[in-house]
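The structure appears right after this line, and notes come after that.
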There are 2 protein chains.
Amino acid sequence: MPALSLVDRIGAFLPLSTTERAALLELTERERGVRRGATLVRQNERSTELFALKSGMMMGYVLLDDGSRQIVRFLFPGDLLSTNVITYGKAHQTLVAVADSVVAPIDRAQLVEATLRFPRLALALAAIEQTEGAALADRLAGIAKTSARARVAAVLLELRDRMRRSDPAIGDSFVPGLTQEEIGDATGLTAVHVNRMLRKLEDQGLIARMAGRVTILDEPALHRAADRVDRQAGVDLSWLPETREA
Amino acid sequence: MPALSLVDRIGAFLPLSTTERAALLELTERERGVRRGATLVRQNERSTELFALKSGMMMGYVLLDDGSRQIVRFLFPGDLLSTNVITYGKAHQTLVAVADSVVAPIDRAQLVEATLRFPRLALALAAIEQTEGAALADRLAGIAKTSARARVAAVLLELRDRMRRSDPAIGDSFVPGLTQEEIGDATGLTAVHVNRMLRKLEDQGLIARMAGRVTILDEPALHRAADRVDRQAGVDLSWLPETREA
DNA sequence: CGAGTACTTGAAAGATCTCAAATTAGGTGG
DNA sequence: CCACCTAATTTGAGATCTTTCAAGTACTCG
């Protein structure tokens, strides 16, 4: 499975010097496997360790007082996981593998050392945080303002698009790998209602489903159904000056 | 009106050297007033200018396709505004003053120059972004999972707490300064329903209202009503090593 | 004092949830 | 490979929450 690395991800918006690139590669050198369904990090756990996702797919969620679960984000290769430990010293989200995955553990001290030697990497980190924030703001608007049908359509499109980014071979057909309950926890709906909305999208000819696989039949219509603010990437730090290195 | 500055805000989680402090002060030197109701930045506007809020209160919102508005965050003294211009070169949110405010305009080039000279400031920036992200995740969970009554209770508590942070004199009584329609746009509810929920909270003896002023009568009950994940600050970068400065 | 905006309330429509039960799918031990 | 067991999906019906529409009241600003 081809997968974007953290270096690729950062390199796409910031031309890296050889030494910067080497430092990032060194950071993400180690590997740890996470089996589908396994928990990598638990909410509120004290820790100084964060991760770069190298392959697979994970999700981050928070548990509410009433025991319900809000899935905050889906994570794909090239994403940084549990960055909250840098500033909070603990994890804000539980991280669980949706598919078999490989992560690179990074201690925050290592990361910080690298950013102090290569200050532009600290800005790259801030940029990644900003991207997350922008995605979160979009998700917020989506959940607050759109219908159940739109939210389900949106999550399908998001999953397909993000999967495609790390595997360009993915076309209109893909396997979400989530239960309807999980889709519900991501969209703020009950599993029962997610089911009805999937059925409706199917009845309306926007998607087809069989054996856990979803095929997008009418992508323009699905986009319209999702009526999402399309916040195309657009991250660009290439204007940063180069810096002398310590 | 006493108000936290950006330097205070960062200083609270990261002991700053004299020169770091001086650099931050220089960044936020200039001032521009924004009259209540005035728009400082418009969504999607290309720009390289961001702001530090010095006093007052503002809000950031996005407009959806259907013309409705989602208020993404409320901004208080010490907050950075429109940081998206750093990585996107354009504003993701429209920023409007809720009360008469004063901001310090900062060009991203200035900010970046400071962070390259003082790399720890870049990490402070990343930390601020993370705080925003954490708040956003909480808001997301709140809107996705809680009742209208809980959301209204939560927004009242949030406003009171954040106002108190920049003005410790504020007790149980405060002036939100928002219309019910704005509260609705922040919580994903209609103005009509916000009204009903305010009335319900009042009838139940949790709050009192008169002339735009809200008084919290039973704070524990209001907290219970809001059933929010209280993510107390906890940001700490004091463990960062000091760095030699250029 | 008048006009516009915000607030308030009622009634009905619509969306989503809850509860319950039937069906299907996937995984495991024999 | 089969039989069973559990988890996931599917569907129906009624309850609940929120919105919509409509109308009247209160406030604020010029």
Side-chain angles (χ1 to χ4, degrees), chain A residues 35-38 64 66-71 96 98-100 142-156 175-204 207-214 225 227, chain B residues 35-37 59 64 66-71 96 98-100 142-156 175-204 207-214 225 227:
Chain A
R35 202 44 67 70
R36 165 171 163 57
L64 291 307
D66 63 354
S68 73
R69 165 179 74 166
Q70 173 64 40
I71 296 178
V96 171
V98 173
D100 289 348
I143 288 185
K145 300 288 185 193
T146 69
S147 69
R149 175 167 169 273
R151 295 185 223 170
V152 172
V155 82
L156 290 178
V175 178
L178 300 172
T179 65
Q180 295 179 2
E181 176 136 30
E182 286 165 340
I183 295 177
D185 285 341
T187 53
L189 301 168
T190 57
V192 172
H193 208 56
V194 168
N195 182 279
R196 287 191 227 276
M197 293 304 109
L198 284 171
R199 160 145 308 287
K200 183 184 268 190
L201 290 173
E202 192 170 23
D203 289 347
Q204 294 173 333
I207 63 172
R209 291 181 301 155
M210 48 175 300
R213 171 170 292 272
V214 171
D227 81 351
Chain B
R35 201 46 65 71
R36 166 170 161 59
M59 61 180 177
L64 291 306
D66 63 353
S68 73
R69 165 179 73 171
Q70 173 64 40
I71 295 178
V96 171
V98 173
D100 289 348
I143 288 185
K145 300 288 185 194
T146 70
S147 69
R149 175 166 169 273
R151 295 185 222 171
V152 172
V155 82
L156 290 178
V175 179
L178 300 172
T179 65
Q180 295 179 0
E181 175 135 31
E182 286 165 342
I183 296 177
D185 285 341
T187 53
L189 300 168
T190 58
V192 172
H193 208 55
V194 168
N195 182 280
R196 286 190 229 276
M197 294 304 108
L198 285 170
R199 160 146 309 287
K200 182 183 266 189
L201 291 173
E202 191 169 24
D203 290 346
Q204 294 173 332
I207 63 172
R209 292 181 300 156
M210 49 174 299
R213 172 170 291 273
V214 170
D227 83 349

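Labels below follow one simple rule: chain letters A, B, ... track the order of the sequence lines, proteins then strands, and each chain is numbered from 1. These numbers come from the heavy atoms of this one structure, side chains and all, not from hydrogens, waters or symmetry mates.
The side chain of Gln180(B) contributes an N or O atom lying less than 4.0 Å from OP1 or OP2 of dT8(C).
Nucleic acid contact class of Arg196(B) (heavy atoms, under 4.0 Å, all strands): base. Note on Arg149(B): nothing from the nucleic acid sits closer than 4.0 angstrom, heavy atoms only. Among the heavy atoms of the strands lying under 4.0 Å from Arg209(B) are primed sugar atoms or P, OP1, OP2 only; no base atom is included.
Look at CE on Met210(A): it is 16 Å from C1' on dT9(D), rounded to the nearest Å. What separates NZ of Lys200(B) from C1' of dT8(C) is a distance of 16 Å, to the nearest Å. To the nearest angstrom, C1' of dT9(D) lies 16 Å from CG of Leu201(A). Going from atom CZ of Arg213(A) over to atom P of dG26(C) covers 13 Å, rounded to whole Å. Leu178(B) has its CG atom 19 Å from the P atom of dT5(C), to the nearest Å. Put simply, NZ on Lys145(B) is 12 Å from C1' on dC17(C), counting in whole angstrom units. In this structure, CZ of Arg199(B) is placed 19 Å from P of dA6(C), rounded to the nearest angstrom. Atom-to-atom, CG of Asp203(B) to P of dT8(C) comes out at 11 Å; the value is rounded to the nearest Å.
Rounded to 10°, the angle separating the first-five-pair axis and the last-five-pair axis of the helix from dC1(C)-dG30(D) to dG30(C)-dC1(D) equals 50°.
Residues Arg151(A) and Leu189(A) approach most closely at NH1-CD2, 3.7 Å, considering heavy atoms. The nearest pair of heavy atoms linking Lys145(A) to Ser68(B) is CD-OG, 3.9 Å.
Under a cut-off of 6.0 angstrom, the local environment of CZ in Arg36(A) is sparse, with at most 12 non-hydrogen atoms contributed by other residues, nucleotides or ligands.
Here Gln204(A) contributes atom CD and Lys200(A) contributes atom NZ; the two are 6.0 Å apart, rounded to the nearest 0.5 Å. For the atom pair CE of Met210(A) and CD of Glu202(A), the computed distance is 11.0 Å after rounding to the nearest 0.5 Å. Taking OG1 of Thr190(B) as the reference point, atom CD1 of Ile183(B) lies at 12.5 Å (rounded to 0.5 Å). To the nearest 0.5 Å, atoms OG1 (Thr179(B)) and CG (Asp185(B)) are separated by 7.5 Å.
Along DNA chain C, the nucleotide nearest to Ala148(A) and the one nearest to Leu198(B) differ in position, and the one closer to the 5' end is contacted by Leu198(B).
Between Asp227(A) and Arg149(A) there is no salt bridge, since no side-chain nitrogen of the basic residue lies less than 4.0 Å from a carboxylate oxygen of the acidic one.
Taking the side chain of Thr179(B) as heavy atoms from C-beta on, and the options dA6(C), dT8(C), dT9(D), the nearest nucleotide is dA6(C).
Using a 4.5 Å cut-off on side-chain heavy atoms (C-beta onward), Leu156(B) and Leu198(B) make contact.
Interface residues of residues 181-195 of chain A facing DNA chain C, ordered by number: Gly188(A), Leu189(A), Thr190(A), Val192(A), His193(A); criterion, heavy-atom separation under 4.0 Å.
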